[in-house]
Amino acid sequence: MGAIRFIVKRLILMLPILLGITILTFFISNTIPGDPARLILGPKATPEGIERLREEMGLNDPIYVQYGKYMYGLVQGDFGKSTYSQQAVSEDLKRYFPATFELTLFSMFLTVLIGIPFGIISANKKDKIPDQITRFMALTGVAMPAFWLGIILLLFFYLKIGILPGGGRIDSWVSPPEAITGMYTIDSLLTGNWEALKSSLIHLILPGFTQAAVTIGMITRMTRSSMLEVLRSDYIRTAYAKGGSENRVLYGHALQNGMMPILTLMGMTFGHALGGSVLVESVFSWPGLGRYAVNAINYLDFPAVMGVTILIAVLFITVNLIIDILYHVIDPRLKYE
Amino acid sequence: MLLQVQNLQLSLKRAGKFISILDDVSFQVQKGETLGIVGESGCGKSMTALSIMRLLPDKAKLAGEVKVGSEVISKLSKKKLEKIRGNQISMIFQDPLTSLNPLHTVGKQIEEALILHTNLTKKERKDRVVELLKEVGLPRAEEMVKEYPHQLSGGMRQRIMIAIAMACRPQLLICDEPTTALDVTVQAQILELMNKLKQENDMGIIMITHDLGVVAEVCNRVMVMYAGKVVEEAEVNELFQRPRHPYTIGLLEAIPRVGERKRTLGSIPGTVPSPQNLPIGCRFADRCKDAMEICRQAQPKTLQLTDDHRVACWLYDERREDLKDDITRNQESKTTLSH
């Protein structure tokens, strides 16, 4: 009962946050110097032509009127039309977002799969060789710029030994699976298209790992410090005294107790990965939202910028809501408020 | 013989150096017997318990032999040790709140011991958990299974700890200050429960405490420790009536007695020597009002005074006069060597 009320309350609280985000993004992007109409018409445009287009796009209206019009469309589910692609922004988002989301999910998957066990090993073998190795790897991961790591990985795995593809989401000779979610791996799983699954998974490895390098490093370090704290607890000693094996104690007792800060960090890195995938997407020619967003900004494509921002904001808030719920699932001492 | 501990030596690494925590600790526990281990904090009594369970920190050096039944604990592999912990030997800790996993239900925590050491089915385990909760005197056992430690009182939590420890009917139960964190009325209930469980199950108990009242209540035999060494061991009445070691005598004088209003309580002057800086002679010598010269020069041997009374003190060593010359000579040769 408490849980449902908690979720509903949080969902309602989402509205003012989103409203704030639209206001902020709208006014900031509209005060950037530059004229979208001039950009669209190109260098040879006549002043009359530009003026006509500005009128058409509503750019001559006072800014609050423009905002009002935009919001009027938005509440009806209309994100407007992209001035650059000349398509409905919602269509563009539908096309580019699944690619980014798939990449982000995959890199989070790698982060959890590698980062948490590394952190646990590191804490359990504090100051011994395994700890030194994971520490080195974590710090390297955090310190390496993603675009640089991406290029190095490409040079080695694609150009030098040629076992992994050089970019894109799927091999050109494999037809993408029927679109259900738009994420190739999941769609091919759902439709039982194994060839597409294999190809799309192979294409995920390098960009996924490049994007995950930083987050693996961060999660490793966070897991380590959180686990060090937990491993000193009396109940860990009790678990060993009961006859629990090391793995049972670490993964059955300690991890759950050390999970809070790890979850918090995961929520933050998830949002970060969603919004910050531009570099990785560029290096691996990944047709995702990051590249779309950069183009939108370059061409002062306001509806597109707004669309991307709102989508990422909604996701970020949702992820953090899910994490808040997970806190309560993990720790019975917390009360829904 | 249930438990046999022989010449236990323990060193822990602190700030890069190994320092001696336990020195030549030997004792035994019989079936159906409660051995009390007393001493002030830092004397090594908890470390003795953890050494038996081998629950020591990573950087510990342990020597000597611990035998439970025919099994030599000190030589077992990790795997075999896990089979014994919580099964043949169980342990109860001081603070029941921090000793229980806050995120698992009471039922799950008791059940874990059964999962680890028995082949019971899920249904049988559930029944057994409820049975155990009733056995340790908890009301409404069926509901409590689903509750979390933070929802229970201190006394209830300690009963849960006991239920976990008793889950596999251990032969030996080690209790490290089990009542220290509880208030007095609850203390008495817990001690009573432990006595009951001991009689029903014919197990041996090691009761670690600094409270001589607890000793009087539940122990058959008492071992007094000081700065990592056993200084005296005796049957409980014998120890209370005829304490031999000056340290034990001091401890007993420090207990307030009802009806003796005007008497000032005894206290032992000075402090325990730090393990980094132990004297070469008797470790109690600096605080001992009966200290002789020899006490500062050589460690006393453990003397068996009667069948159930042993003490490590020069006062009772007949050889002290004869040995004196030997020892001074030894000391001199040592100092000349070091020059």
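Below, each value reflects all heavy atoms present in this structure, side chains not excepted, and no hydrogens, waters or symmetry copies. Order of the sequence lines fixes the chain letters, A, B, ..., with proteins taken first and strands second; residue numbering starts at 1 for each chain.
Only the side chain of B:L50 comes within contact range of chain A, judged by heavy atoms closer than 4.5 Å. In this structure, the portion of B:K78 lying under 4.5 Å from any heavy atom of chain A is its side chain and not its backbone. Proximity to chain A (any heavy atom under 4.5 Å) is shown, for B:L81, by neither the backbone nor the side chain. Looking at A:I236, neither its backbone nor its side chain comes within 4.5 Å of chain B, counting heavy atoms on both sides. Interface residue A:K128: only side-chain heavy atoms are found under 4.5 Å from chain B. If you measure heavy-atom distances from B:S90 to chain A, you find no contacts under 4.5 Å at all.
Residues of residues 122-141 of chain B lying under 4.5 angstrom from chain A, judged on non-hydrogen atoms, do not exist here. At a heavy-atom cut-off of under 4.5 Å, chain A is reached by B:M161, B:I164 from residues 158-171 of chain B, listed in order of number. Residues of residues 245-260 of chain A lying under 4.5 angstrom from chain B, judged on non-hydrogen atoms, are A:S245, A:E246, A:R248, A:G252, A:H253, A:Q256, A:N257 by number.
Judged by distance alone, with hydrogens and angles left aside, the side-chain atoms of B:S99 form no donor-acceptor pair with the main-chain N or O of A:T238 at under 3.5 Å.
Distance check, rounded to the nearest 0.5 Å: CG of B:L56 to CZ of A:R237 gives 11.0 Å. Summarising the geometry, atom NZ belonging to A:K242 is positioned 7.5 Å from atom CG belonging to B:N101; distances are rounded to the nearest 0.5 Å. The line from CG of B:L55 to OH of A:Y240 is 9.5 Å long, rounded to the nearest 0.5 Å.
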Residues 61-75 of chain B side chain polar contacts: donor-acceptor under 3.5 Å, at least two apart:
from: B:S74; atom 1: OG; to: B:V66; atom 2: N; distance (Å): 3.0

A:D331/B:L103 under side-chain contact (heavy atoms from CB on, under 4.5 Å): CA gap, chis, key distance, verdict: CA-CA 6 Å; A:D331 194 339; B:L103 306 185; 3.4 Å; yes
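Considering every non-hydrogen atom in both A:P332 and B:P102, the closest pair reads CG-O, 3.7 Å.
No more than 12 heavy-atom neighbours from other residues, nucleotides or ligands sit within 6.0 angstrom of CZ on A:F209.
Top candidate by heavy-atom pairs under 4.5 Å with chain A, chosen from B:Q109, B:Q94, B:K83, is B:Q109. When the candidates B:M53, B:H104, B:H117 are compared by the number of heavy-atom contacts under 4.5 Å with chain A, B:H104 comes out ahead.
Using a 4.5 Å heavy-atom cutoff, the side chains of B:Y148 and A:R333 are not in contact.
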